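All heavy atoms count here, side chains included; hydrogens, waters and symmetry mates do not. A, B, ... follow the sequence lines: proteins, then strands. Residue 1 opens every chain. Every value quoted in this text rests on a predicted model; they were computed, and no experiment measured them.
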Protein chains: 2
Amino acid sequence: MNNKEKLRKAGLRPTKQRMIIADILLDGIDRHFTAENLQNEINSSGNSMSIATIYNCLKKFRNCGLIKQVESSKDTAIFDTNINQHHHFLDEETGELIDIENDEVNLRKLPKIPQGYLNNGVEVLIKIKKQI
Amino acid sequence: MNNKEKLRKAGLRPTKQRMIIADILLDGIDRHFTAENLQNEINSSGNSMSIATIYNCLKKFRNCGLIKQVESSKDTAIFDTNINQHHHFLDEETGELIDIENDEVNLRKLPKIPQGYLNNGVEVLIKIKKQI
DNA sequence: AAGTAGTTTAGAACGATTTTAAAGTAAAAA
DNA sequence: TTTTTACTTTAAAATCGTTCTAAACTACTT
C-alpha cells in the first residue's frame, strides 16, 4: 500500500504536506524523533513546512495510529514510527531511547485493571546509566 | 529521622523554604503532584514561595532521590513521593496516574542491558481507558 | 465549474520552566 | 561572635516547546 492509500485509509486527506511527512516517516524503518528533527529532515529533503503544520500533522498521525508518542518526561515530545507494542531503554542522562521488541519482555503477573477501565497497552521502560 | 536531618543527609542545606516543602512532601504518604499543585499546598499552609524556588527545590529533591519524577508525556512535570521502585496505571484521557506496587508486577524475562550500561530501574506503565 | 469543508501558514499567544542578577541566609572561618 | 564565603531565594524577564488565530489555500463533492 502506498502512502496516499495509507493516509486515505487512516481517514486523512492526502495533502502535499502530509505526503512529504509520510514519505519520510512511513518507510518501515523504526525511529524516534521530535518535531524539530522532522523539520530538519523536511528541510534537507528540499521541502519546507510551517512548524504549526508539522505539529498538526504529527498529532493527526498519532491519533490515527500511524505513529506513536513515547511516554517520556523530556521537555520535548518524542515520536516513534514503531507502532507495534514494544518497550524502551532510556538513558536519562542523554535522553537516548533504544527499542526493546515486545517478545524480549515477558510479564508473568500483571495487576488487576481498575474497575471501569480497560487495558490500553503496556509499556516497559528500563532506565539505564552509562557504566563508569 | 526528622526532615532537617533528611535534608542534611541528602546533602541539602535545610533552608526555611526547603523545610516547608519537606514538611508537605516527606510525610510518608504517596502522592503525585505538579509544581503548581505544590504551590497551592504551600499557599494554603499559610506560607508563600516563588515559583522559581519551587522548581529549584523539586529539582534538588529529585536529584537527591527524595522524590521521583514520573515518566509521562504530559506537558507538565509530575512528581511522585513514592521513591520505591513501582509502576503506574495511566489514563491518557485525563492524565490520572494510579500507583502499582512493585510486587504486583512480575517480569519473567528482561532483555540484556546494552553493552556499557547498567540497569537503573524498571518502570511498567499500563495505559488504561475508561470503559464505555 | 462552483461550493464547501478541511488544511496550511506566519505570526501571535500561551504555559511551563529556566535564567538573571540582586538581595538574603546558612554554615565555615577567624 | 563577627566576618567571610558559598549557597539560596526572589521577582521579573527570558526561553522554549507547543497551540491558537484568522486569512489564504486546496482537496474533494456537487
Side-chain angles (χ1 to χ4, degrees), chain A residues 2-24 32-43 45 47-64 66-67 69-80 92 95, chain B residues 2-24 32-43 45 47-64 66-67 69-80 92 95:
Chain A
N2 64 31
N3 287 336
K4 188 170 270 187
E5 288 167 345
K6 281 187 199 164
L7 291 176
R8 283 238 165 76
K9 197 176 157 207
L12 296 178
R13 196 182 274 193
T15 64
K16 183 167 158 274
Q17 288 80 356
R18 287 177 185 157
M19 285 300 294
I20 291 170
I21 291 182
D23 287 345
I24 293 173
H32 305 119
F33 63 97
T34 65
E36 201 194 346
N37 295 155
L38 179 57
Q39 189 170 45
N40 292 337
E41 286 204 67
I42 291 167
N43 291 338
S45 78
N47 294 290
S48 79
M49 205 175 296
S50 161
I51 192 67
T53 303
I54 293 173
Y55 277 106
N56 284 341
C57 189
L58 288 175
K59 211 189 276 187
K60 292 267 185 187
F61 276 34
R62 192 228 307 140
N63 293 344
C64 293
L66 292 171
I67 61 176
Q69 183 169 357
V70 179
E71 292 296 332
S72 140
S73 55
K74 291 206 67 187
D75 46 358
T76 309
I78 299 171
F79 296 89
D80 194 334
E92 293 184 287
Chain B
N2 63 30
N3 286 336
K4 188 171 268 187
E5 288 167 344
K6 280 187 200 164
L7 290 176
R8 283 237 165 76
K9 197 177 158 207
L12 296 178
R13 195 183 276 191
T15 64
K16 183 166 158 272
Q17 289 79 356
R18 286 177 187 158
M19 285 300 294
I20 291 170
I21 292 181
D23 288 345
I24 293 173
H32 305 120
F33 62 96
T34 65
E36 201 194 346
N37 294 157
L38 179 57
Q39 189 170 44
N40 291 336
E41 285 205 66
I42 291 167
N43 291 339
S45 77
N47 294 289
S48 79
M49 204 176 296
S50 160
I51 191 69
T53 304
I54 293 174
Y55 277 107
N56 284 342
C57 188
L58 287 175
K59 213 190 275 189
K60 292 266 186 189
F61 276 34
R62 192 228 306 139
N63 293 344
C64 293
L66 293 171
I67 61 175
Q69 183 169 357
V70 179
E71 291 296 333
S72 139
S73 54
K74 289 206 70 186
D75 46 359
T76 308
I78 298 173
F79 295 90
D80 194 335
E92 292 185 286

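In this structure, N56(B) has no side chain to side chain contact (heavy atoms under 4.5 Å, CB included) partners at least two apart in sequence or on a different chain. Judged as a side chain to side chain contact (heavy atoms under 4.5 Å, CB included), and not counting sequence neighbours, the contacts of N37(B) are F33(B), T34(B). Contacts of E71(B) classified as side chain to side chain contact (heavy atoms under 4.5 Å, CB included), with partners at least two apart in sequence or in another chain: S72(A), S73(A), L90(A), E92(A), L125(A), E123(B). Residues passing the side-chain hydrogen bond (donor to acceptor under 3.5 Å, both in side chains) test with S45(B) are N47(B), sequence neighbours excluded. Taking E41(A) as the reference, R31(A) meet the salt bridge (charged side-chain N to carboxylate O under 4.0 Å, His left out) condition, with sequence neighbours excluded. Applying the side-chain hydrogen bond (donor to acceptor under 3.5 Å, both in side chains) criterion to N40(A), with sequence neighbours excluded, gives no partner residue. Residues meeting the side-chain hydrogen bond (donor to acceptor under 3.5 Å, both in side chains) test with D80(A), sequence neighbours left out: H32(A), H86(A), H88(A). Legend: residues meeting side chain to side chain contact (heavy atoms under 4.5 Å, CB included) with R62(A), ordered by chain and number and at least two apart, are K59(A), I67(A), Q69(A), F79(A).
Rounding to whole angstrom units, CG of residue L12(A) and C1' of dG6(C) are separated by 11 Å. Counting to the nearest Å, the C1' atom of dA10(C) and the CG atom of N56(A) are 13 Å from each other. When rounded to the nearest whole Å, the span between CD1 of I20(A) and P of dT7(C) equals 16 Å. A straight line from CZ of F61(A) to C1' of dT7(C) spans 13 Å, rounded to a whole angstrom. Q39(A) places its CD atom 13 Å from the C1' atom of dA10(C), with the value rounded to the nearest Å. In this structure, K60(A) atom NZ and dG6(C) atom C1' are separated by 8 Å, rounded to whole Å. Residue L58(A) contributes atom CG, which lies 15 Å from atom P of dT7(C) at whole-angstrom precision. The separation between M49(A) atom CE and dT8(C) atom P is 8 Å, rounded to whole Å.
Remark: L38(A) CG to L58(A) CG distance equals 5.5 Å, nearest 0.5 Å.
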Is there any protein nitrogen or oxygen under 3.5 Å from a nitrogen or oxygen in nucleotides 13-17 of chain C, and what are the pairs?
residue	atom	partner	partner atom	Å
dT17(C)	OP1	A77(B)	N	2.7
dT17(C)	OP2	Y55(B)	OH	2.1
dT17(C)	O5'	Y55(B)	OH	3.2

Under 3.5 Å, which protein N or O atoms sit close to an N or O of nucleotides 27-30 of chain C? Give each pair with its distance.
residue	atom	partner	partner atom	Å
dA27(C)	OP1	R8(B)	NH2	2.8

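Scanning DNA chain D 5' to 3' for nucleotides with an atom closer than 4.0 angstrom to a non-hydrogen atom of chain A gives a first and last hit of dG17(D) to dC28(D).
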Would you be so kind as to tabulate the donor-acceptor pairs closer than 3.5 Å made by side chains of residues 9-17 of chain B, with sequence neighbours excluded?
residue	atom	partner	partner atom	Å
T15(B)	OG1	R18(B)	N	3.2

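Counting any heavy atom pair closer than 4.0 Å across all strands shown, T15(A) reaches sugar-phosphate atoms only and no base atom. Within 4.0 Å (heavy atoms only), K74(B) reaches no atom of the nucleic acid at all. Residue-level contact check: K4(A) touches neither bases nor backbone, having no heavy atom under 4.0 Å from any strand.
Residue S48(B) comes nearest to N43(B) through the heavy atom pair CA-OD1, 3.8 Å, listed as atom of the first residue, atom of the second, then distance. Residues C57(A) and I21(A) approach most closely at SG-CD1, 3.5 Å, considering heavy atoms.
Considering only side-chain N and O atoms, Q17(A) lies under 4.0 angstrom from the phosphate OP1 or OP2 of dT9(C).
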